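The structure under discussion appears below in the form of structure tokens.
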Amino acid sequence: QVQLVESGGGLVQPGGSLRLSCAASRSFFSINAMGWYRQAPGKERELVATITSGDSTNYADSGVGRFTISRDNAKNTVYLQMNNLKPEDTAVYYCYARGIMRGSIKWDDYWGQGTQVTVSS
């Protein structure tokens, strides 16, 4: 069962913008942190940005001033607004959530299937 569904990836020219969305399943009882990680070919997965249920945010240095993470708790959805995109932002972007499922007593980490972002002219 897919717990996190991403959308919004695609091809964009350098300097362009994209907005990623990630909707969490209603199977979650509670979610603490949500966020985005990315993985470029031949590289390890790395943090992009995270946001807690209290709206505390954390950004990788590469995204400061260009990326904005936000969250709609009522919809269990997290967004990533990416501006001034660069070729080095090209990667598969993965949604992340730290949550607990209905009927469970255990907090766990969950990942989306990933959405491709390509920045190229």
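Remember, predicted model here, so these are calculated numbers, not experimental data.
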Exercise for review: Give the intermediate values and the outcome of side-chain contact (heavy atoms from CB on, under 4.5 Å) for residues Q3 and M101.
Suggested key: CA-CA 10 Å; Q3 309 296 355; M101 289 293 168; 3.4 Å; yes
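- Residues V117 and W36 share a hydrophobic cluster, clusters being chains of Ile/Leu/Val/Met/Phe/Trp/Tyr side chains in contact below 4.5 Å.
- Residues V119 and V92 are members of separate hydrophobic clusters, defined by side-chain heavy-atom contacts under 4.5 angstrom among Ile, Leu, Val, Met, Phe, Trp and Tyr.
- For the residue pair S121 and P14, the shortest heavy atom distance occurs at N-CD, 3.7 Å.
- Y93 and V64 fall within a single hydrophobic cluster, where Ile, Leu, Val, Met, Phe, Trp and Tyr side chains are chained together by heavy-atom contacts under 4.5 Å.
- In this structure, the ring of Y37 has its center less than 6.0 angstrom from the ring center of W111.
- Proximity of D89 to F67: side-chain heavy atoms (C-beta onward) are separated by under 4.5 Å at one or more points.
- Side-chain contact between S17 and Q81 is present, with at least one heavy-atom pair separated by less than 4.5 Å.
- L18 and I51 end up in the same hydrophobic cluster when Ile, Leu, Val, Met, Phe, Trp and Tyr side chains are linked at under 4.5 Å.
- The shortest side-chain heavy-atom distance between D72 and Y79 falls under the 4.5 Å cut-off.
- The shortest side-chain heavy-atom distance between V78 and C95 falls under the 4.5 Å cut-off.
- A pairwise comparison of heavy atoms in L47 and A60 identifies O-CB, 3.3 Å as the closest pair.
- Few gaps surround CD on Q116; more than 12 heavy atoms of other groups in view lie less than 6.0 Å from it.
- Residues S120 and P87 form no side-chain contact, since every pair of their non-hydrogen atoms from C-beta on lies 4.5 Å or further apart.
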Exercise for review: May I have the step-by-step check of side-chain contact (heavy atoms from CB on, under 4.5 Å) for N32 and T52, ending in yes or no?
Suggested key: CA-CA 6 Å; N32 183 5; T52 69; 4.1 Å; yes
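- One hydrophobic cluster, built from ILVMFWY side chains closer than 4.5 Å, holds both Y110 and L80.
- At distances below 3.5 Å, at least one donor-acceptor pair connects side-chain atoms of E6 with backbone N or O atoms of G114.
- Listed for the T90 side chain is no donor-acceptor partner under 3.5 Å among the backbone atoms of E88.
- Between K86 and R66 the shortest side-chain heavy-atom distance falls below 4.5 Å.
- R45 forms a cation-pi arrangement with Y94, by the criterion of a distance under 6.0 Å to the ring centre and an angle within 45° of the ring axis.
- In the hydrophobic clustering (ILVMFWY side chains linked at under 4.5 Å, chained through shared members), I100 is joined by F29, W107.
- Side chains of R98 and M34 form no contact here, defined as non-hydrogen atoms less than 4.5 Å apart.
- Considering all non-hydrogen atoms of both residues, A91 and R38 come closest at CB-CB, 3.9 Å.
- Of the listed residues (T57, V48, L20), just one forms a side-chain contact (heavy atoms from CB on, under 4.5 Å) with I69, and that residue is T57.
- For D61, there are no salt bridge (charged side-chain N to carboxylate O under 4.0 Å, His left out) partners two or more places apart in sequence or in a different chain.
- The shortest side-chain heavy-atom distance between S53 and I31 does not fall under the 4.5 Å cut-off.
- Counting non-hydrogen atoms of neighbouring residues, nucleotides and ligands closer than 6.0 angstrom, the CD atom of E44 reaches no more than 12 such neighbours.
- Within 6.0 Å of CZ on R102 lie more than 12 heavy atoms contributed by other residues, nucleotides or ligands.
- Nearest heavy-atom pair across T68 and Y59 is CA-OH, 3.4 Å.
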